[in-house]
Amino acid sequence: MMTSYLLKPGELTLKGGNRELFEKILKRNLSAMLRLSGARVINAGSGRYYVRCEQDKEDSVEHALKHLFGISGWAKTRICEKQPEAVIEACVKEAGLLFEKGIRSFKIEARRTDKSFPLDSYKIRCQAGAAVLKALPGLKVDVHRPEGCIEVEIREKAYIYGNARRGLRGLPVGSSGRGLLLLSGGIDSPAAGYMMLSRGMKLDAVYFHAYPYTSEEARQKTLSLAKILACYGMGLKFFTVNFTPIQGRIKEKSPEAWRTVLLRMAMMECAERLARRKGAKCLVTGESLSQVASQTVENISCTQSRLSLPVLRPLIGMDKEDIVRLSEKIGAYKISILPYEDCCVLFSPEHPILRGNPAEAGNLYEALDCDSLITEALKTAAAEKCFYSEAGVSEHLIGRPQI
Ligand code: ATP
Ligand code: MG
C-alpha cells in the first residue's frame with residue numbers, strides 16, 4: 001500500500017518571478033531529507049507537491065515534513081478520480097477517521113482548479129457535507145469553529161484530506177544565502193539559528209571553547225544543539241575554535257570590567273574571518289537587547305565596531321520567555337539547560353562595563369594585539385559535519401550526571 005501526502009506551499013507563493021526557483025529548492029530539500037526512505041516528491045503543478053511512500057515509511061516522511069521550512073501545511077491525503085461519487089465517498093471515509101479520533105463537529109472546504117469538474121466548490125461542500133451527516137449522525141456541521149476540517153482539492157486528480165497539519169512556514173533553506181551562527185551551549189543562539197533557517201538561510205556554526213577550562217562535554221553539548229539545527233537546516237558544519245590563548249591574553253592585558261566585551265569582539269572578528277573563508281555573508285548571534293550586560297545597545301556597538309559583515313540578531317527584541325518557548329518547540333531546551341560550564345562565565349567580571357564606548361573598546365582591543373592568536377586559533381579549528389537525521393539528537397546527553 002502506498003501513502004500520499006499533500007504539501008501546501010507557504011510564503012513562496014508570494015515570490016512572483018522567483019517562485020519557480022524557491023519551489024525547486026523546496027523539492028530538492030525534501031528529496032534530500034527523504035533520500036533513505038525511498039519516498040518520492042512529485043510536482044503536481046500549480047505550486048502543489050505531494051509525496052508518495054510505502055506505508056511503513058510514513059514516520060520518516062512525517063519527520064521530514066515536521067522539519068521542512070517553506071510549507072504552510074501538509075496532510076496525508078486520499079487521491080481519487082475526478083468523479084463526484086468517488087470524491088464524496090472519500091469525504092465520508094475521511095470523516096470516519098476524524099470521528100474515530102473523537103472529533104464531533106466538522107466542515108468541508110473545497111477548491112476546484114479544474115473547472116470541468118461537474119460540481120462547483122459550493123456544491124461539493126453541500127453534497128459531501130450531507131453525505132457525511134447521513135453516514136455519521138454523531139457528527140454535526142460547524143462552519144466557524146469545527147473540530148475537524150475535511151478539504152477537497154480538484155486539480156489534475158481529486159485530493160481529499162482531513163485536519164491538515166501546520167507546516168513550519170518560512171522559506172526553504174538555501175533560498176536566502178549563507179550565514180555563520182555563533183553557537184554557544186546556551187538557550188539563545190540555537191533559537192537564533194532556527195529563526196534564520198526559517199527565513200531560508202543556510203547556516204554553518206562556530207563554537208568557541210576554552211579547553212581545558214571548559215570540558216569536552218560542554219563542547220559535545222553544543223554539538224548536540226548543532227545537530228538539532230542540522231535537522232531543520234539541511235545539515236550544517238560545526239566549527240570548534242580554541243579560544244583559551246585569546247582569553248588568557250584578555251585576562252592578562254585588559255581591565256576586568258571590559259573582559260566580556262573584549263571577548264565578544266575577538267569572537268566576532270574570528271567568526272568574520274571564518275565566515276569570509278566559507279562564503280557566509282553575515283554573522284548570526286543570539287543576542288537580545290539588554291538581556292545581559294554585554295548586550296546593551298552601547299556594548300553591541302562596541303562588539304560590532306570592527307566588523308564589515310552584517311551581524312543578524314533575530315532575537316534582539318524578543319522576551320526571554322518567548323525565546324524559551326521557541327527553544328522548547330525546536331527540541332533544544334532540554335539540551336541547552338544541561339549544566340555544563342560556558343567559556344564566558346568562567347572569566348566574567350563581577351562588575352562588567354554596561355555602556356562601553358566603541359572608541360575606547362577599539363583601543364583596548366588593539367592593545368591586546370591578538371591578531372596572530374586569532375590566525376592560530378583558526379588554523380587549528382576543527383570542522384564536523386552534522387546531517388539531517390531521524391534518529392533524534394544525542395539523547396544520551398540528557399539525564400547525564402551533573403559535573
Ligand atoms: P546564549 O544563550 O546563546 O549563550 P547568552 O544569553 O548566554 O546567549 P551571551 O553568553 O552573552 O548570551 O552570548 C551572546 C551571543 O554570543 C550568543 O548568543 C552567541 O551567539 C555568542 N556566543 C557566546 N558565547 C559563545 C561561544 N562560546 N561560542 C560561540 N558563540 C558564542
Ligand atoms: Mg551564553
Side-chain angles (χ1 to χ4, degrees), residues 179-196 203-211 213-226 228-229 236-244 246-247 250 258-275 280 282-297 299-300 302-304 307 309 311-316 318-324 326-328 330 332-333 335-349 352-354 356 374 377-378 381-382:
L180 180 64
L181 170 68
L182 284 81
L183 182 64
S184 72
I187 294 168
D188 302 314
S189 43
Y194 178 89
M195 297 272 283
M196 296 323 298
L203 287 182
D204 289 322
V206 59
Y207 167 64
F208 300 101
H209 75 157
Y211 189 79
Y213 301 104
T214 58
S215 61
E216 171 60 15
E217 279 86 351
R219 197 188 79 84
Q220 287 295 333
K221 169 188 167 184
T222 313
L223 179 58
S224 294
L225 294 168
I228 290 182
L229 291 177
L236 59 72
K237 257 195 200 140
F238 178 76
F239 298 97
T240 302
V241 178
N242 187 1
F243 246 46
T244 310
I246 295 161
Q247 285 192 235
I250 294 172
W258 276 89
R259 277 185 197 166
T260 311
V261 171
L262 292 170
L263 176 62
R264 289 281 175 277
M265 289 173 79
M267 283 182 180
M268 293 285 202
E269 175 153 356
C270 185
E272 182 173 74
R273 283 212 231 161
L274 185 61
C282 66
L283 303 181
V284 178
T285 74
E287 287 162 303
S288 174
L289 190 63
S290 297
Q291 193 192 81
V292 288
S294 59
Q295 295 171 28
T296 61
V297 68
N299 285 348
I300 285 176
C302 294
T303 51
Q304 76 170 31
L307 302 175
L309 284 183
V311 182
L312 305 186
R313 302 175 177 89
L315 311 184
I316 198 70
M318 270 175 82
D319 185 87
K320 187 78 185 189
E321 263 183 46
D322 293 328
I323 299 172
V324 165
L326 176 60
S327 165
E328 283 170 341
I330 66 178
Y333 187 69
I335 295 173
S336 289
I337 57 170
L338 290 172
Y340 295 114
E341 73 287 357
D342 175 23
C343 71
C344 319
V345 170
L346 288 185
F347 93 150
S348 295
I353 188 124
L354 289 179
I374 290 180
L378 281 173

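Remember, it's 1-based here, ligands and their atoms both numbered in the order they're listed. Below, each value reflects all heavy atoms present in this structure, side chains not excepted, and no hydrogens, waters or symmetry copies.
- Residue Met267 has no nitrogen or oxygen atom sitting less than 3.5 Å from a nitrogen or oxygen atom of ligand 1, judged on distance alone.
- Considering backbone and side-chain N/O of Gly185, none are found under 3.5 Å from N/O of ligand 1.
- Summarising the contacts of atom 1 (P) of ligand 1 with Gly286, Pro190, Ser184, the nearest heavy atom is found in Ser184.
- Atoms of ligand 1 found under 4.0 Å from any heavy atom of Val292, numbered from 1 in the order shown, are 11 (O).
- Under 4.0 Å from ligand 1, heavy atoms of Ser189 appear from its side chain as well as its backbone.
- Between the side chain of Ser288 and the main chain of Met318, a donor-acceptor pair closer than 3.5 Å is present.
- Interface of Ser294 with ligand 1, defined as ligand atoms under 4.0 Å from a residue heavy atom, comprises 11 (O).
- Counting only heavy atoms from C-beta outward, the side chains of Gln291 and Asp188 approach each other to under 4.5 Å.
- Put simply, the side chain of Ser327 gets close to the backbone of Tyr333: a donor and an acceptor are under 3.5 Å apart.
- Under a 4.0 Å criterion applied to the non-hydrogen atoms of Thr285, ligand 1 contributes the atoms 20 (O).
- Contacts between Val206 and ligand 1 below 4.0 angstrom, taking non-hydrogen atoms only, involve the backbone exclusively.
- Checking only distances, Phe208 does come within under 3.5 Å of ligand 1, N or O to N or O.
- The closest heavy-atom contact to atom 14 (C) of ligand 1, among the options Arg313, Arg219, Lys320, Gln295, comes from Gln295.
- For ligand 1, the polar-atom distance check against Tyr207 finds no nitrogen or oxygen pair separated by under 3.5 Å.
- When non-hydrogen atoms are compared, ligand 1 lies under 4.0 Å from the backbone of Leu183 (N, CA, C, O) but not from its side chain.
- Per-residue contacts place Ile187 under 4.0 angstrom from the following atoms of ligand 1 (heavy atoms of the residue considered): 2 (O).
- By the 30° and 60° cut-offs, the orientation of the rings of Tyr207 relative to Phe238 is parallel.
- Listed for the Ser336 side chain is a donor-acceptor partner under 3.5 Å among the backbone atoms of Gly186.
- Taking the side chain as every heavy atom from C-beta outward, His209 and Asn242 approach each other to under 4.5 Å.
- The contact set between ligand 1 and Gly186, taken as ligand atoms under 4.0 Å from a residue heavy atom, comprises 1 (P), 2 (O), 4 (O).
- Close contacts of ligand 1 with Asp188, meaning ligand atoms under 4.0 Å from a residue heavy atom, involve 1 (P), 2 (O), 3 (O), 5 (P), 6 (O), 8 (O).
- Close approach to Gln291 involves these atoms of ligand 1, each under 4.0 Å from a residue heavy atom: 6 (O).
- In this structure, the side chain of Ser189 does not engage the main chain of Gly185 through any donor-acceptor pair within 3.5 Å.
- When all heavy atoms are compared, the tightest approach of Leu225 to Pro190 is CD1-CG, 3.9 Å.
- Side-chain contact between Thr285 and Met268 is present, with at least one heavy-atom pair separated by less than 4.5 Å.
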Worked verdict on Glu287 versus Thr303 for side chain to side chain contact (heavy atoms under 4.5 Å, CB included):
CA-CA 11 Å; Glu287 287 162 303; Thr303 51; 4.2 Å; yes
